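A quick write-up on the structure given underneath.
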Amino acid sequence: MAPANGSTPLAQTPTEKLNLIKNNLQEVLNPEIIDKVINENERPLRIYWGTATTGKPHCGYFVPMLKIAEFLAAGCEVKILLADVHGFLDNLKAPIELVAERVKYYKFVITEALKAVNVDISRLVFVIGSDYQTTGESGARFFMDLLRLSTSVSGHDASKAGSEVVKQVDSPPLSSQLYPLMQALDEEYLGVDAQFGGVDQRKIFTLAVETLPRIGFEKRAHLMNPLIPGLQEGGKMSSSDPDSKIDFLDQPDIVRRKLKKAFCPPKQVEGNGVLSFVEYVLLPASALKNDGTPKFEVPRRDAETLTYSNIADMQKDYADDVLQPQTLKPAVTDALLEILTPIRKVYEEDKAWQEVEQKAYPPPPAPEKKKKVKNLGTRFPGAKGSEKAAATNGSVEAKADGHVEGPNAQEVSVGKTSEEAMRRLSVGKKA
């Protein structure tokens, strides 16, 4: 088969399409829905992948992006949902005042990351959640359907559904229960056959399957990719843990440092984040550049270069100590930097992207110079209230998971008024 625009070859037969759609997935719920659409061959399978616009996207996002490339190669229609309202609901990881800039930042990053792994983005559709969740007639209908769905789901089930996705705190806000209900409704409002996401979304997917028919909507299929281990022992790549992941815009020296100290014990395959990154990112990415043939090379100082076209051979060599951490890590570093360099180059040449980053993720304020203040007592005019003034005029700083801290954090997070909140969550009108 001929490759499509230099990417993975387009699948032609129903069997080829189904194999490509289900390749490298950990689980598929209700696969018969997918099989029916593909075998009838009357229209493309419609899939969406959503991401809440919270902390900065990292290289773990390559896993769904490369799977999206396979969906496109199978002839699917794919929508990418920039879920701004969801980010706001998830413990204010997307503060109201920063939502519009976060959406712009995510679109910049995702677009350039897809280009870097040779994905034809002309066939992708970006959708902003607030365009249909809070805006106009569709927003009114969405709210009504959210109320209808809320009568059919217990608080316990809603909390359980979001437990692997929504930030867990001792006293969770009610918004954490709305999050999974809205994600279920997204399937109906985006008009898709299937939703795609990480296996950590399984409880939300199950909730959608069980509850959408209760209010007259069809159940959908769900496609789940595995979560790759983070660079540190015992966790996944997470925006809230800087050492567990590599950001798309990390400088080369930071990439090298993080991979050099990554958890990668000799002869241990299970839980090895470096090996998993090769399996789910570097091998599939190489296939997009090599007419569908994966290839990963590991140069060795005193021996011939090791070349792999599949992860099974690589894992066997690693378990047998043929492939060792001191040779694997530099090879992974070089291959990753080859992908990240063009992304970084576009960022450095694009002033608009740089400005959006500063607005979306405010850096910590510059430390104030300490001045000696003579204590004139509480009766000195202006002494009272000076502390309050400082508290209400300060700036905020974006933390790794996307939430902000600082004197004005609450106002920035939820908005001064309901009118302001609605205006700021109508992102599509400003994007």
Side-chain angles (χ1 to χ4, degrees), residues 50-55 81-100 102-103 128-135 138-190 195 197 200-212 214-215 217 238-240 396 398-406 408-427:
T51 178
T53 52
T54 54
L81 173 65
L82 301 176
D84 51 340
V85 181
H86 286 82
F88 170 64
L89 293 175
D90 187 2
N91 280 271
L92 300 176
K93 288 183 185 176
I96 282 283
E97 288 196 10
L98 306 182
V99 161
R102 294 274 175 90
V103 167
I128 301 170
S130 58
D131 279 357
Y132 63 88
Q133 293 165 349
T134 65
T135 306
S138 65
R141 286 192 294 108
F142 190 93
F143 180 67
M144 189 65 242
D145 284 333
L146 181 61
L147 294 180
R148 293 171 63 218
L149 190 59
S150 70
T151 68
S152 302
V153 181
S154 70
H156 172 270
D157 287 350
S159 295
K160 181 181 177 182
S163 61
E164 299 293 326
V165 178
V166 180
K167 183 178 179 180
Q168 298 300 294
V169 293
D170 291 336
S171 298
L174 183 60
S175 61
S176 65
Q177 296 183 349
L178 298 177
Y179 187 112
L181 302 188
M182 288 182 62
Q183 186 168 335
L185 284 175
D186 288 336
E187 298 176 356
E188 176 70 20
Y189 278 76
L190 291 172
Q195 182 179 174
D200 58 338
Q201 306 267 344
R202 192 184 193 283
K203 293 177 182 177
I204 294 180
F205 292 167
T206 302
L207 181 82
V209 169
E210 294 175 350
T211 61
L212 284 183
R214 296 176 188 172
I215 59 171
F217 297 145
S238 170
S239 294
S240 59
V396 295
K399 296 300 182 180
D401 69 353
H403 83 281
V404 295
E405 293 181 2
N408 279 355
Q410 181 67 13
E411 185 177 298
V412 169
S413 295
V414 302
K416 294 179 182 178
T417 64
S418 57
E419 289 79 11
E420 179 186 349
M422 289 296 293
R423 178 174 57 83
R424 292 190 179 278
L425 275 179
S426 299
V427 175

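Remember, predicted model here, so these are calculated numbers, not experimental data. Below, all heavy atoms of this structure are taken into account, side chains as well, without hydrogens, waters or symmetry copies. Residue numbers start at 1 and run along the sequence shown.
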So, taking the atom named [atom1] in [X] and the one named [atom2] in [Y], what distance separates them when rounded to the nearest 0.5 Å?
{"X": "L207", "Y": "L149", "atom1": "CG", "atom2": "CG", "value": "7.0 Å"}
{"X": "M182", "Y": "S175", "atom1": "CE", "atom2": "OG", "value": "10.5 Å"}
{"X": "F217", "Y": "T211", "atom1": "CZ", "atom2": "OG1", "value": "10.5 Å"}
{"X": "L147", "Y": "L181", "atom1": "CG", "atom2": "CG", "value": "10.5 Å"}

remark   = By side chain to side chain donor-acceptor pair (under 3.5 Å), R214 pairs with (sequence neighbours left out) none

ask   = Excluding sequence neighbours, so at least two apart, what forms side chain to side chain donor-acceptor pair (under 3.5 Å) with K203?
value =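 Expected list: S163.
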
Between [X] and [Y], which heavy-atom pair has the shortest distance, and what is it?
{"X": "T54", "Y": "R102", "value": "O-NH1, 3.2 Å"}
{"X": "G155", "Y": "Q177", "value": "O-NE2, 3.4 Å"}
{"X": "A184", "Y": "L212", "value": "O-CD1, 3.5 Å"}

Modelled atom types, side-chain donor and acceptor of Q201 and Q195, under 3.5 Å =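 Judged by distance alone, the side chains do not pair up.
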
Can any side-chain N or O of [X] pair as donor or acceptor with the backbone N or O of [Y] at less than 3.5 Å?
{"X": "D84", "Y": "V99", "result": "no"}
{"X": "S159", "Y": "H156", "result": "no"}
{"X": "T135", "Y": "S130", "result": "yes"}
{"X": "Y179", "Y": "G162", "result": "no"}

key: Stepwise side chain to side chain contact (heavy atoms under 4.5 Å, CB included) test for T51 and L81   = CA-CA 6 Å; T51 178; L81 173 65; over 6 Å; no

request  = Report yes if the side chains of I215 and L185 come closer than 4.5 Å at any heavy-atom pair, otherwise no.
outcome  = yes

key: Heavy-atom side-chain contact between Y189 and D131 under 4.5 Å   = no

inquiry  = side chain to side chain contact (heavy atoms under 4.5 Å, CB included) for R141 and Y132? Distances and angles first, verdict last.
reply    = CA-CA 9 Å; R141 286 192 294 108; Y132 63 88; over 6 Å; no

ask   = Can D157 and K160 be counted as an ion pair, charged N to O under 4.0 angstrom?
value = no

key: Audit row: D186, Q133, side chain to side chain contact (heavy atoms under 4.5 Å, CB included) steps and yes/no   = CA-CA 9 Å; D186 288 336; Q133 293 165 349; 2.8 Å; yes

